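Since the structure comes first, as structure tokens, the remarks are kept for the end.
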2 protein chains.
Amino acid sequence: MDTTHRTTTDQQKPADQRRRELLEAADRVVLRDGPQASMNAIAAEAGITKPILYRHFGDKGGLYRALATRHTDALLAALRAALDAPADRRRRVESTLDTYLASIEAMPQVYRFLMHPAEEPHQSEQGFDVGRHSAPLLRRMGEELGQVIAERIDLGPGGEAQARIWGHGIVGMMHAAGDWWLGERPCSRQELVHALADVLWGRLAQAQDRPDGPGF
Amino acid sequence: MDTTHRTTTDQQKPADQRRRELLEAADRVVLRDGPQASMNAIAAEAGITKPILYRHFGDKGGLYRALATRHTDALLAALRAALDAPADRRRRVESTLDTYLASIEAMPQVYRFLMHPAEEPHQSEQGFDVGRHSAPLLRRMGEELGQVIAERIDLGPGGEAQARIWGHGIVGMMHAAGDWWLGERPCSRQELVHALADVLWGRLAQAQDRPDGPGF
DNA sequence: CACTGCTGTTACCGCAAGTAACATACCTCC
DNA sequence: GGAGGTATGTTACTTGCGGTAACAGCAGTG
């Protein structure tokens, strides 16, 4: 036996390469047809047939997870870079927001796919699994931002919990505003970035009520 | 002829009633099986067969849209009430956040369904239709909040645009934080509400850097 | 040579969306 | 009272997708 050794030396390289090729083909199809791309279409694009896809990725969810992980990793790397740039806090926040928005603006199809992954019907009785629908990308971004906040900002006792909440909340704000902006394009990217940073800087709390209204 | 008159007097009432019955049956199934409930299952629950559902709602997307509209309207009404309560701004923000979180906490299945509606493949060539995946509920909440902010708070020139951005952003923050919280339950609802209101009140901007880190 | 493990295929199953085509009751108008 | 339109309901079908046998060729190894 010792198949492990042999496979790692002889077969693993071509297998991994094949897997990458399949992922790239899947990428092309998903970018063209959207997340509802069929396994048949992906297999055809790769020049093969369905069962091979299933041998490599298990099921459709597996393939989509592999695809999503690639893109998510790339986006997270870009965001980390913006978050680590040497500048004051406001600039860094704006730069991170802008990096995110520029990414989704440049590749809306990828973005759409990442936010809407796989939908495995999967009737495994996991009871209340609320939250699975939200893309893993959002969770990962939220966790990372929460960690960054907890590491760098002094929030006193209970600060880690607060930081995680803020991480998820701020990421959600970025996501929802970006999603809406990408669909309607009501303003420039700069304006959007500025407005979002403003709300994080407390302008909602500081602004005056309108003279005639009851205030917000 | 004059079928219009007849239908409005004789047929419309039973037709509407039937439609409501069908929607309630669909509701039960969706709440039990999740958004992937099949049309057959819904028809069976209603005691009829598939084609009737299609005559009433067109396609699965139509049924799901009708269902979503009902729940969305209910949630929006609750939020409007919280937003209109007589209290200072901070209290009102907290009360609105709490209303939302209490709702999704009380009916996670409904929430899950609303955030993940129907997935109509719909290959109509609408080009970049990014953003459709995000539930209409989020858009409606964002628009309404933006309007409320624009009405009640004086943001100077360009304030309406800013208010809309804030509306969608804040709703997104609420949604993402709530989604994460509902899945992991890392803290009490009160704590979550407080932390989210805090970030809107600029605590992220005001907090001190940790002594050893480069700050956020 | 037989054996193992990988690649690939065709052909099938099950299931869900959606659609005829047909049957039946009611109500209206002549 | 009979003709016709309209809503109600049915069974039976098509299409398409996810997923799975079952089988076939082709390497390297004892």
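The structure displayed is predicted, hence computed values, not measured ones. Per chain, numbering begins at 1; letters A, B, ... match sequence-line order.
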Ring center gap for A:Tyr64 and A:Phe113 short of 6.0 angstrom: yes
Nearest-Å distance for atom pair CG/C1', residues A:Leu53 and C:dT7: 13 Å
Nearest-nucleotide comparison on DNA chain C, the residue closer to the 5′ end among A:His56 and A:Pro51: A:His56
Mutual orientation of the aromatic rings belonging to A:Trp180 and B:His168 [parallel < 30°, tilted 30-60°, perpendicular > 60°]: parallel
Polar pair under 3.5 Å, donor/acceptor by atom type, side chain A:Lys60, base D:dG19: no
Pair A:His194, B:Gln162: side-chain N/O donor-acceptor within cut-off below 3.5 Å: no
Any A:Arg18 side-chain nitrogen or oxygen under 4.0 Å from OP1 or OP2 of C:dG8: yes
Atom-to-atom span, CG of B:Asp59 to P of C:dA16 - whole angstrom: 17 Å
Between C:dT19 (P) and B:Tyr54 (OH): distance, integer Å: 8 Å
From CG (B:Asp27) to CZ (B:Arg70), nearest 0.5 Å: 5.5 Å
Nearest-angstrom distance from the residue atom CD of A:Gln17 to P of C:dC6: 17 Å
Closest non-hydrogen atom pair between B:Thr49 and B:Ala43, with its separation: C-CB, 3.6 Å
Atom-to-atom span, NZ of A:Lys50 to C1' of C:dA11 - whole angstrom: 11 Å
Atom-to-atom span, CE of B:Met39 to P of D:dT14 - whole angstrom: 21 Å
For atom CD of B:Gln36 and atom C1' of C:dC15, their distance in whole Å: 13 Å
Nucleotide pairing, DNA chain D (Watson-Crick or G-U, distances under 3.5 Å), in dot-bracket with [ ] and |: ||||||||||||||||||||||||||||||
Salt-bridge contact B:Arg18-B:Glu21 (side-chain N to carboxylate O under 4.0 Å): yes
A:Arg28, CZ: over 12 other non-hydrogen atoms inside 6.0 angstrom: yes
Stretch residues 40-49 of chain A: residues that reach within less than 4.0 Å of DNA chain D through a heavy atom: none
Heavy-atom pair of closest approach, residues A:Phe57 and A:Leu63: CB-N, 3.6 Å
B:Ile52 CD1 - D:dT11 C1' separation (whole Å): 12 Å
hbond_proxy A:Arg55 side chain to D:dG19 base (donor-acceptor, 3.5 Å cutoff): no
Closest non-hydrogen atom pair, A:Leu196 against B:Gly169: CD2-CA, 4.5 Å
